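Notes to accompany the following structure.
These numbers were taken from a predicted model, which means no experiment stands behind them. Only this structure's heavy atoms are used, side chains among them; waters, hydrogens and symmetry mates stay out. All residue numbers refer to positions in the sequence shown, counting from 1.
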Amino acid sequence: MLKHLSLLLALTTAAFPAWSAGGREDYDIDDNGLIEINDLADLNELRNDSTGKTLYGSNAGCPADGCRGVELTADLDFDTNQDGVIDAADTYWNNGLGWEPINFRGFFEGNGYVIRNLYVNRPDGDYAGLFGFANGATIRRTGITGKLSLVRGPLAGMVVARAENTILEAVFSTGQLEGRFYGAGGIAGYFFGHDSSNLFSTVRPRFLNWEGREPVGGIIGGLSLGYIRNTFAPIPLTNDGSVLINSHFVPSPGGPSTGGNTLAELMCPRFVGDPACPVNLYRNWGEETDTDGTPFWDFGHGYQLPGLVLNGRIFRDSDGDGLLDEDDDDADGDGVINSEDAFPFHPMASLDSDGDGYLDTIDPACDLLCRVDGGLYLDAFPNNPAAAIDIDGDGKPDRWNPDCDAECQAASGLVLDDFVDDQQPPQILLAPARVETAPDKLFSTLAAAGMITIDDGDLVDADGNVTYKIYYAGQIVEQPASQPTSLPLGDYTVRLVAIDRAGNASEPVTIEVGARYDVGFGLTFVQAREGTTAKIPLVFSPANPDVPITLIFQVELISPTALMEDVGIEQRIFTRRFNPVSAGDVLELEVPVVNDFLRDVDEPDEEVRIHLIRGYTTENEEPILIVPGQQAFTLLIPANPSTWNSSSSSSSSSSSNSSSSSSSSSSSSSASSSGSSSESPGSSGGSLDWLFLLLTSALLVNLKRNTK
């Protein structure tokens, strides 16, 4: 047994080198004198050697005189199970206390890597931060970030709670910070000694025991004996005897404001000394470089805060909301989430429908400088990836997009612009504030109201060479006036934009629109003899109303001999109700013509005019519009018996408008199918019927003559 064990040990020794504590043979693989921190376990081990010269009790692989500190080799994340919360399932939960801050007095090189989702919840402890007490340390090129980052404690700083004789260089922080005493700052709670530089923090600390008081430690909570230069924060820095050089902040309400700037001013510079921005902002910041000569700061465009450049990575909180762009679902703060924003880092633009890099629309506040600075160019052809630029607005592209080859150009349907003309936009003049119109008659209604469009100096009415964009109820409808699209019934606001043939667009006008049913008579003149029923079609738009309709009419007696008794209508103003109809059916007004005498050769032709004076939906009394020119028809009752013909229809049109000819034929068909009689009384069979009608007619004519 011992023999086999000895053999096993020999084989193991031959196969693998002797490993040092912590499982590594070499703690400084790149031989730069810094021990590599590869994970949170390595970071946690620093508490056992506050100098950072050994790890797990070893400095194997370090130079002969030993390592001088540590360096990060990756981003470290305290959300160890990546479930989006910090809780007992995470390695360093520690019964809700979170990470135990490390006291450190060595050299910490971040290499542009960061600590994500740091969680420290120790209100009853001494120090709260990644590092608790740093003395004689150097911390550089790193930051604290992540949506879950929270540091809570008496003396609190996201990176270090108390820093004495410590250098902070090229360090940033984001997250939530809650302190109990005065020393609470975005990067360090209390700072004493050594110069530090190139810091930014978007942390807005609050104090647990000073409810409602604005914090004053955007970067450092309390400062003594030291110089801090080149910093910015969304709230003021503290000046406790130190000198702040080229450092900028956003003043707190009621707090110190000397040297403060608005957030927009801090975003403004695109480079050091930008003349478009307040003087002296970020003065000399351009001279700050890393060891390889790379500038520490990238100023971006004029609508984002500067970013700290660490080892080729840019760490920026563009909109100053406290989240790095890489953690921010809406990095530019324009209300459009990054995944749906074609320009996620510029608040003035978001939409690029055809994905060609040119924006569909832009905020009017973005002037030429803003557009050039942000690389924002409007797309004249937002739904066509072949081209985008049309400087003269004539509807033809000035050039093809760089990635549009011959096949793309042919498929685009566009033709390059050979010359520049027609640059004047049309105008919409005299548009009424409100119109009531049928759903498919908006343009004709506006034309009747006096709307005029000027196109390149030519007067053009609503049927001219313009197309209109109609914005309503969250929709956009583009249409020529000659081919109107039907609008929905109801009340809403319409924004109207006229676009001429060259693509020049007018200034928009806003109109309140009430889209209603409209109705008119399908005939203007009807002849019907006594003893028949005149049926006059009613023409609706939209056709075939699907709700009950109530219409009010008025009778006007035209002929001197005409009486109300000539028609079977009870009074001068009368009401008729109509139920919904099916497609193809026609609503008709029926007017019975009374047979008052069989052979009244002395009675002249009589004319009666029926006016349509009002309409509304029966249930909710929404108004129905009356079509001008179709609001009346004339009924002629002929006196000459020779015109009676038993085979004639009950009503015939001697004059009708062109739009109602089909309705007239439908009316005849409808009358026939309804079973209403169209024969003269004299054609009825049977001598007794004839005698009865003769006597009745004699009595009626005597009565009528006496009345006259």
Side-chain angles (χ1 to χ4, degrees), residues 30-34 68-75 106-115 134 137-145 159-160 163 165-174 186-188 191 193-202 218-220 226-233 237 242-249 261 265-302 304-318 320 324-326 345 373:
D30 57 4
D31 296 324
N32 66 350
L34 298 174
R68 58 191 176 91
V70 299
E71 63 178 335
L72 291 179
T73 61
D75 291 346
F107 188 95
F108 187 93
E109 170 61 64
N111 285 324
Y113 296 109
V114 298
I115 310 296
T138 295
I139 302 169
R140 68 187 303 268
R141 298 206 306 171
T142 190
I144 307 295
T145 185
V159 177
V160 55
N165 300 312
T166 291
I167 297 172
L168 302 174
E169 182 183 15
V171 174
F172 72 90
S173 65
T174 69
I187 290 179
F191 184 86
H194 276 302
D195 300 350
S196 291
S197 61
N198 302 309
L199 314 174
F200 87 82
S201 172
T202 58
I219 300 289
I220 308 294
Y227 293 91
I228 293 184
R229 57 190 173 83
N230 301 351
T231 69
F232 73 85
L237 302 126
S242 355
V243 179
L244 303 178
I245 303 172
N246 298 334
S247 296
H248 307 291
F249 60 88
N261 297 94
E265 287 173 342
L266 292 182
M267 292 178 175
C268 179
R270 299 159 296 149
F271 49 85
V272 174
D274 190 340
C277 307
V279 251
N280 294 329
L281 267 178
Y282 310 125
R283 183 180 56 185
N284 300 327
W285 282 32
E287 301 170 6
E288 298 294 320
T289 61
D290 206 342
T291 52
D292 61 357
T294 303
F296 271 130
W297 295 101
D298 181 281
F299 293 93
H301 56 69
Q304 58 185 179
L305 288 170
L308 191 57
V309 183
L310 304 179
N311 202 24
R313 295 173 68 180
I314 300 178
F315 297 95
R316 191 195 316 271
D317 174 14
S318 289
L324 284 189
D325 291 352
E326 61 191 53
F345 302 110
D373 171 41

- Note on the structure: Exactly one candidate in Val159, Leu324, Thr142, Asn198 meets side chain to side chain contact (heavy atoms under 4.5 Å, CB included) with Phe172; the answer is Leu324
- Any Lys/Arg nitrogen of Asp298 or Arg316 sitting under 4.0 Å from an Asp/Glu carboxylate oxygen of the other? yes
- Message: With a 4.0 Å cut-off on N to O distance, would you call Glu109 and Arg140 a salt bridge?
- Response: yes
Of all heavy-atom pairs between [X] and [Y], which one has the smallest distance, and what is that distance?
{"X": "Glu71", "Y": "Asp30", "result": "OE2-OD2, 3.0 Å"}
{"X": "Gly302", "Y": "Arg270", "result": "N-CG, 3.8 Å"}
{"X": "Leu305", "Y": "Asp317", "result": "CD1-O, 3.4 Å"}
{"X": "Arg141", "Y": "Asp290", "result": "NH1-OD2, 2.7 Å"}
{"X": "Ile314", "Y": "Gly307", "result": "CG2-CA, 4.1 Å"}

Nearest 0.5 Å, what's the [atom1]-[atom2] distance between [X] and [Y]?
{"X": "Asn111", "Y": "Asn311", "atom1": "CG", "atom2": "CG", "value": "6.0 Å"}
{"X": "Phe232", "Y": "Phe200", "atom1": "CZ", "atom2": "CZ", "value": "5.0 Å"}
{"X": "Ser173", "Y": "Phe315", "atom1": "OG", "atom2": "CZ", "value": "13.0 Å"}
{"X": "Thr166", "Y": "Asp195", "atom1": "OG1", "atom2": "CG", "value": "12.5 Å"}
{"X": "Ser201", "Y": "Ile144", "atom1": "OG", "atom2": "CD1", "value": "10.5 Å"}
{"X": "Ile219", "Y": "Ile187", "atom1": "CD1", "atom2": "CD1", "value": "4.5 Å"}

Do [X] and [Y] come close enough that some side-chain heavy atom pair is under 4.5 Å?
{"X": "Leu308", "Y": "Trp297", "value": "yes"}
{"X": "Asn284", "Y": "Arg229", "value": "no"}
{"X": "Asn246", "Y": "Tyr282", "value": "no"}
{"X": "Leu34", "Y": "Val70", "value": "no"}
{"X": "Arg313", "Y": "Tyr113", "value": "yes"}

- Between the side chains of Thr202 and Thr174, is a donor N or O closer than 3.5 angstrom to an acceptor N or O? no
- Task: Please report the C-alpha distance between Leu168 and Phe191 in whole Å, then the side-chain angles of each, then the deciding distance to 0.1 Å, and finally whether the side chain to side chain contact (heavy atoms under 4.5 Å, CB included) criterion is met.
- Result: CA-CA 10 Å; Leu168 302 174; Phe191 184 86; 4.2 Å; yes
- Query: Under the 3.5 angstrom rule, does the side chain of Gln304 hit a backbone N or O of His301 as a donor-acceptor pair?
  - Reply: yes
- Message: Checking the side chain of Asp325 only, and the main-chain atoms of Ser318 only, is there a donor and an acceptor separated by less than 3.5 Å?
- Response: yes
